[in-house]
Amino acid sequence: MASELDFSPPEVPEPTFLENLLRYGLFLGAIFQLICVLAIIVPIPKSHEAETEPSEPRSAEVTRKPKATVPSTNKRPKKETKKKR
């Protein structure tokens with residue numbers, strides 16, 4: 001009875017070039033996604049020089065006067081008469 005059992009490993013064909021390309025492409029995609037998720041989660045401190053430069057244009061924006069809203073004159077008044085069909 002022991003002679004009837006075959007414990008040899010199954011024959012697995014060698015992966016083709018496209019299968020290898022797909023496998024490694026999926027690994028690279030997964031690594032890229034992990035890097036993107038970590039970039040969102042882990043905060044990166046900004047340098048002191050980068051913080052001072054944007055503050056100067058902001059002060060110029062604050063000194064500007066807000067533009068007054070001008071009602072548009074190109075709107076047509078609604079017709080009061082009904083259309084004839």
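The model shown is predicted, which means the values in this text are computed figures rather than measured ones.
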Distance from Gln33 atom CD to Leu38 atom CG, nearest 0.5 Å?
12.0 Å
Would you give the length of the straight line joining atom OG1 of Thr16 to atom CG of Leu22, rounded to the nearest 0.5 angstrom?
9.0 Å
Separation between CG (Leu34) and CD1 (Ile41), nearest 0.5 Å, reads 9.5 Å
